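First up is the structure itself, then whatever we jot down about it.
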Protein chains: 2
Amino acid sequence: MTRYTGESRMLVAVDCIIFGFDGTDIKLLLIQRGLKPEKGKWSLMGGFLQENESLEQAANRVLKKLTGLEGVYMEQMKAYGEPLRDPVERVLSIAYFALIDIHQYEKQLSTEYHAEWVHIKKLPELIFDHKKMVENAKKQLRYKAALHPILFELLPAKFTIPQLQILYEGIYDTTFDNRNFSRKVLSTELLIKQKEKDKANSKKGAFYYKLDKRKYKANFQAFLNFIPNPDKLLL
Amino acid sequence: MTRYTGESRMLVAVDCIIFGFDGTDIKLLLIQRGLKPEKGKWSLMGGFLQENESLEQAANRVLKKLTGLEGVYMEQMKAYGEPLRDPVERVLSIAYFALIDIHQYEKQLSTEYHAEWVHIKKLPELIFDHKKMVENAKKQLRYKAALHPILFELLPAKFTIPQLQILYEGIYDTTFDNRNFSRKVLSTELLIKQKEKDKANSKKGAFYYKLDKRKYKANFQAFLNFIPNPDKLLL
DNA sequence: CACAAAAGCGTAATATTCACACTAACTACA
DNA sequence: TGTAGTTAGTGTGAATATTACGCTTTTGTG
């Protein structure tokens with residue numbers, strides 16, 4: 001026996017929802033599709049799963065092809081399998097979402113795919129069911145970020161607490177009390193204070209912090225509560 | 001253009017991790033595989049995705065074939081895509097997990113698949129990567145149940161609070177203070193007290209409760225806290 | 001009619017969360 | 001050189017939530 005008989009085989013794709021933060025706005029990395037159909041339309045970055053490749057490998061390959069980056073935070077989100085989601089033929093898509101420090105990426109911007117960072121509030125129309133994927137990804141990001149410290153993945157290695165707060169406020173589309181926010185964040189003891197300050201954004205200057213990677217990994221699964229009244233903010 | 005060229009197509013399967021609770025123990029519904037290879041070995045219930053079927057439809061079809069049940073709580077868990085996970089040929093599997101009131105099912109037990117409820121602590125060896133799937137499912141169930149009231153799906157329509165507590169204690173493999181537990185559960189106002197008592201399990205008897213379906217649906221996404229110190233219990 | 005066993009209420013100590021006043025640090029510009 | 005203006009970040013207390021544990025209630029059993 002070498003194969004299962006009487007069953008239908010289909011293409012499997014991997015699509016990446018890539019979030020970035022530029023210090024002010026949360027953005028999504030989109031491309032203009034190079035393949036027919038829908039050539040020229042906006043799309044998530046994706047690719048077909050190859051014969052000898054695992055899903056994680058495929059997602060990383062796709063991400064690297066677009067951004068040049070490796071070792072990026074990425075997690076599997078959901079499989080999309082509506083029979084007609086791709087009009088050409090049956091394609092199952094496994095969506096991954098990735099979080100990137102946007103500045104790291106900008107250095108190696110490749111024009112090959114006509115990629116662009118698009119403000120999360122100003123998304124263009126997307127092909128197939130990509131809009132739904134993006135919506136699910138946003139929801140999942142909000143959900144997860146309310147409980148776990150993943151948003152650090154969107155920031156550079158050194159960042160200030162006000163920067164972090166702006167990021168959280170962007171994700172939840174609200175504002176937080178800065179005094180409570182910094183106290184909460186610091187009480188996790190996940191941050192290591194640096195000697196230098198960032199003076200670009202204020203007169204007083206805010207101290208830089210770095211993530212304590214060891215504690216970050218050790219406590220990743222623990223429930224945090226950076227967000228007041230989280231359940232009201234998750235839609 | 002009718003198809004994408006130069007890409008490899010593969011089989012897609014759906015596997016179901018089916019949890020049940022019999023009032024004392026948490027169990028998993030397993031089958032003895034009817035297909036070669038590994039015929040006769042223990043396995044999760046699964047099936048291949050058909051040409052015109054969505055993933056949800058496939059998962060529901062598989063579940064119904066085994067249990068006869070429809071409208072069961074089910075959610076997509078994760079896609080498994082290691083190239084060699086099935087030795088016959090490349091098969092991508094999308095795992096779903098389902099929660100069933102075990103008594104509802106037992107009535108319509110079908111012997112066709114040699115299905116059996118197996119105590120979650122006494123699982124046999126499973127084929128392929130099914131063990132990993134089960135572990136992931138257990139983890140996800142613990143995670144989700146710590147925040148959302150999904151465990152009610154494992155209970156009959158009428159249940160007592162001590163029964164509910166036994167269920168939670170089974171899931172988290174620990175014990176809770178019964179006085180605090182019932183107060184927490186009742187404070188959600190998700191339960192409607194019935195007039196009758198269950199006297200099978202105690203002399204005093206415990207009142208039956210029903211879920212308030214409306215509130216249950218409305219508050220499903222809100223974070224609850226049935227579990228003391230949840231983050232310590234999630235592994 | 002005691003006794004055992006489980007249901008479930010009460011309460012106080014502790015911890016967490018939140019709102020808001022206030023001080024500190026620093027730049028820019030007069 | 002000093003003062004006005006701006007943002008960072010600490011302090012504090014009130015409100016809320018969590019937890020530990022004593023105690024009463026109910027009822028079948030012998």
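As the structure is a prediction and not an experimental result, all values here were calculated from the model. Naming: A, B, ... by sequence-line order, numbering from 1 per chain.
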Worksheet item: Is there any ring pair (Phe, Tyr, Trp, His ring centres under 6.0 Å) pair reaching into residues 186-212 of chain A, and which pairs are they, with sequence neighbours excluded?
Response: none
Fill in: Pairing residues for A:E189 by the salt bridge (charged side-chain N to carboxylate O under 4.0 Å, His left out) criterion, not counting sequence neighbours
none
Worksheet item: Between C:dA7 atom P and B:F176 atom CZ, what is the distance in whole Å?
Response: 16 Å
Response to the item:
note: A:L186, atom CG; D:dG11, atom P; distance rounded to Å ~ 12 Å
Worksheet item: Starting at CZ of B:F181 and ending at C1' of D:dT18, how long is that distance when rounded to a whole Å?
Response: 15 Å
Worksheet, complete the sentence: To the nearest angstrom, the CD-P distance between B:Q163 and C:dA6 comes to 15 Å
Worksheet entry | Derivation and outcome, side chain to side chain donor-acceptor pair (under 3.5 Å), residues B:D15 and B:S93 | CA-CA 7 Å; B:D15 286 305; B:S93 174; 2.7 Å; yes
Practice prompt. Just jot down the side-chain contact (heavy atoms from CB on, under 4.5 Å) partners of A:Q76, sequence neighbours excluded, or say none.
Written response: A:L55, A:E56, A:I94, A:Y96, B:K78, B:A79
Worksheet item: Which nucleotides of nucleotides 21-30 of chain D have their base under 4.0 Å from a protein heavy atom (B), which only their sugar-phosphate (S), and which neither (-), written as one string 5' to 3'?
Response: BBB-BBBB--
Discussion item. Set out, in order, the CA-CA distance, both residues' side-chain angles and the distance that settles side chain to side chain contact (heavy atoms under 4.5 Å, CB included) for B:N60 and B:E70, then state yes or no.
Written reply: CA-CA 7 Å; B:N60 282 302; B:E70 288 179 281; over 6 Å; no
Worksheet item: Would you say the side chains of A:Q32 and A:E116 form a donor-acceptor pair under 3.5 Å?
Response: no
Discussion item. Any side-chain N or O of A:K184 below 4.0 angstrom from OP1/OP2 of C:dT16?
Written reply: no
Item to complete: Could you tell me the separation between the CG atom of B:D198 and the C1' atom of C:dA7, rounded to a whole number of Å?
Response: 12 Å
Worksheet item: In degrees rounded to 10°, what angle is found between the helical axes fit to the five outermost pairs at each end of the helix from C:dC1-D:dG30 to C:dA30-D:dT1?
Response: 10°
Worksheet item: So, does A:Q194 use its side chain to make a donor-acceptor pair with the main chain of A:I192 at under 3.5 Å?
Response: yes
Item to complete: Mind calculating the distance between CG (A:N178) and P (C:dC20) to the nearest angstrom?
Response: 13 Å
Fill in: Partners meeting side-chain contact (heavy atoms from CB on, under 4.5 Å) with B:S182 (sequence neighbours left out)
B:I161
Fill in: Whole angstrom value for the distance that separates C1' of C:dA6 from CD1 of B:I166
11 Å
Practice prompt. Indicate yes or no for a side-chain donor-acceptor contact from A:Y172 to the backbone of A:R142 under 3.5 Å, with no hydrogens or angles considered.
Written response: yes
